[in-house]
Structures are given as structure tokens and as C-alpha cells.
Amino acid sequence: TQVTRQNLSQNTIQTTMSRFRTLYRQAISEGMIAVQSNPFDKIKVERGNTHRIGLTQDEVNRIINLDLEEHTALWHTRNYFLFSMYMAGMRISDVMSLKWENIVDDRLFYQMQKTKSSRSIPLISQAKVIVELYRNNNKPSDYIFPILSKYNQKKTTDIQRYNQKNSRTVSINCQLKKIAKMAEIEKNLSFHFGRHTFANIASESEGGNVYMIRQLLGNSSVSITQYYLNCLNYKHHDNLLN
């Protein structure tokens, strides 16, 4: 099937062009392309406005209460998603890259893949229960979750690792849509919903101000977090109209 311009949303086009730009730049750095400039740098596509939504607490509970067979793809995917939500909406790239050495004294220390900033957050009880499901004579350098292959860093290129992560992300999001259907959730569930859901629930809790939520999400600025909350949480606005 031919993919045309009208089939794609503005944000999908922006994300796709960003990936092309990254891959082309990496190909130049590895000597695969002799050109010294990146033609994709000249193409600018602005992101469009999106209606961000998260899950309600009831919908989260329905996912938790699903009777899934242990060690199946659906069971693992639910674990990854809930862990992300419990740990302040961790991005999928960070969840799949976590290693046992990142846990020290019930705290999680890691570098965010997107911003390269360092994080240190407590491993809360719900997340710890999920982590313990995967503990089995693991080495400190082993991945916590069985998402990525144990590839040889010296023999694998950045592009190959990028492709593997992208492939796993697509697979996990497909599983999440099956989970949503089983839980009778009429939302286009994806891994990023964990981030939205955390922000939504945190904003409704006592002490959940924008500055604290920004630190937990690891956003680069308060304005980004405020945009999240404006798109997600209408309760405060609705109360003013009653």
C-alpha cells in the first residue's frame, strides 16, 4: 500500500523526518556516506497540537486486575507499562535500557536517553514488586527487563541498536492495544500513556505542583510540563465553572 502525505499526521511526519536526520548524521559519522552536510537538516516540520490524554485510576486498575498468563508477551508488556507509570512516567527507551547496576539501595540511578540528564528516584513499592519478578542470579550489567538482546556493544553499531529499540517499541505498543481491548478501555493505548497518566494523577494529588511534577518527569523546562498538564487535566478548570 502506497503511503501518501494525506495518510500521515503532522506529528508523524515530524517524527519520521527527525529519525531520518539522526540516521543520516550517524551514517556520516561512521564513514558510510562521504557527504559532509545533512540534507534533512534543511527540512523543518513543526509539530502540531495534539490532544494528550492519560488513563483514569479506574482504567489503571482494570489493567492491573487482568488475568494474564505469566511470562507471556502480554504479561511482560503490562509489567513494563505499570513500572513506567509508577516510576514517574519513564520513557520506554529508558525502561528497556535499565540494568541491575542502576538500582542502588532501593533507588534508581540512570541517565535519560532523550535528554542525557541524570536521574535519581526512589524505587517505590509497586515498582519494586515488578522488578523482583525478573530477579534471577542476574549480573549487574544485565538488563532488568528482557526487552533488548544482549548484543555485543563493540560489534553492534548505533544504527543497529536504534533499529532494535524501535522494533521493540512497535511490538510493545501493539501488545498494549490488545491489553486495552481486554480491559475495555476505549483509548489508543501506547507506552507514552504511562507518562501522561502519571502527570494526570500527580497533578490531582496534594502537593502535586508543576515544579515538582516537572522534576519527576525529567522535562527540560517548566513550560513543557505546564503544557502537559493543560492538555491532560481539565478538573481544575471545570470546578471553576460549577
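Please read all numbers here as calculations on a predicted model, not as lab measurements.
Residue pairs meeting the salt bridge (Lys or Arg N to Asp or Glu O under 4.0 Å) criterion with at least one partner in residues 54-80, sequence neighbours excluded, are Asp58-Arg62, Glu59-Lys187. For residues 126-140, the salt bridge (Lys or Arg N to Asp or Glu O under 4.0 Å) pairs, not counting sequence neighbours, are Asp106-Lys128, Glu132-Arg135.
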Expected list for residues 175-184: side-chain donor-acceptor pairs under 3.5 angstrom, two or more places apart:
residue: Lys177; atom: NZ; partner: Asn188; partner atom: OD1; Å: 3.4
residue: Lys177; atom: NZ; partner: Leu189; partner atom: O; Å: 2.9

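Hydrophobic cluster of Val104: the remaining members, joined at side-chain heavy-atom separations below 4.5 Å, are Phe109, listed by chain and number.
Looking at residues two or more places apart in sequence or on another chain, you find a ring pair (Phe, Tyr, Trp, His ring centres under 6.0 Å) between Phe145 and Tyr80, Phe83, Tyr134. Checked against side chain to side chain contact (heavy atoms under 4.5 Å, CB included), Lys116 has the following partners two or more places apart in sequence or in another chain: Gln111.
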(request) Decide side chain to side chain contact (heavy atoms under 4.5 Å, CB included) for Ile63 and Ile185; before the verdict, give the C-alpha distance in whole Å, the side-chain angles of both, and the deciding distance to 0.1 Å. (result) CA-CA 9 Å; Ile63 291 176; Ile185 296 173; 3.7 Å; yes

(request) Carefully, step by step, assess Leu66 and Leu74 under the rule side chain to side chain contact (heavy atoms under 4.5 Å, CB included). (result) CA-CA 10 Å; Leu66 285 176; Leu74 289 173; over 6 Å; no

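In terms of heavy-atom proximity, Leu148 sits nearest to Ser97 at CD1-OG, 4.5 Å. In this structure, Met87 and Pro122 approach most closely via the heavy-atom pair CE-O, 3.2 Å. Closest approach of Ser190 to Phe81, counting heavy atoms only: O-CE1, 3.7 Å.
Between Trp100 and Val131, the closest side-chain pair of non-hydrogen atoms falls below 4.5 Å. Within the 4.5 Å cutoff, no side-chain heavy atoms of Leu82 are placed close to those of Gln126. Residues Arg91 and Gln113 form no side-chain contact, since every pair of their non-hydrogen atoms from C-beta on lies 4.5 Å or further apart. The closest side-chain heavy-atom distance from Leu98 to Met90 is below 4.5 Å. Looking at Trp75 and Leu133, their side chains come closer than 4.5 Å, going by heavy atoms from C-beta outward.
Interatomic distance, OG of Ser93 versus NZ of Lys165, reported as 6.5 Å (0.5 Å rounding). The line from CD of Gln164 to OG1 of Thr169 is 10.0 Å long, rounded to the nearest 0.5 Å. To the nearest 0.5 Å, atoms NZ (Lys99) and OG (Ser141) are separated by 6.0 Å. Rounded to the nearest 0.5 Å, atoms CG (Asn79) and CG (Leu68) are 9.0 Å apart. Atom CE of Met85 sits about 8.0 Å away from atom CG of Leu55, to the nearest 0.5 Å. Atom OG in Ser84 sits 12.5 Å away from atom CZ in Phe193 (nearest 0.5 Å).
Neither Val129 nor Leu108 shares a network with the other; the hydrophobic side chains, linked directly or stepwise wherever heavy atoms of I, L, V, M, F, W or Y lie under 4.5 Å apart, form separate groups for each.
Within the 3.5 Å criterion, the main-chain N or O of Tyr162 finds no donor-acceptor partner in the side chain of Asn166. At distances below 3.5 Å, not a single donor-acceptor pair connects side-chain atoms of Asp142 with backbone N or O atoms of Pro140.
Checking each of His76, Met96, His71 against Pro146 for a side-chain contact (heavy atoms from CB on, under 4.5 Å) leaves exactly one that passes, namely His76.
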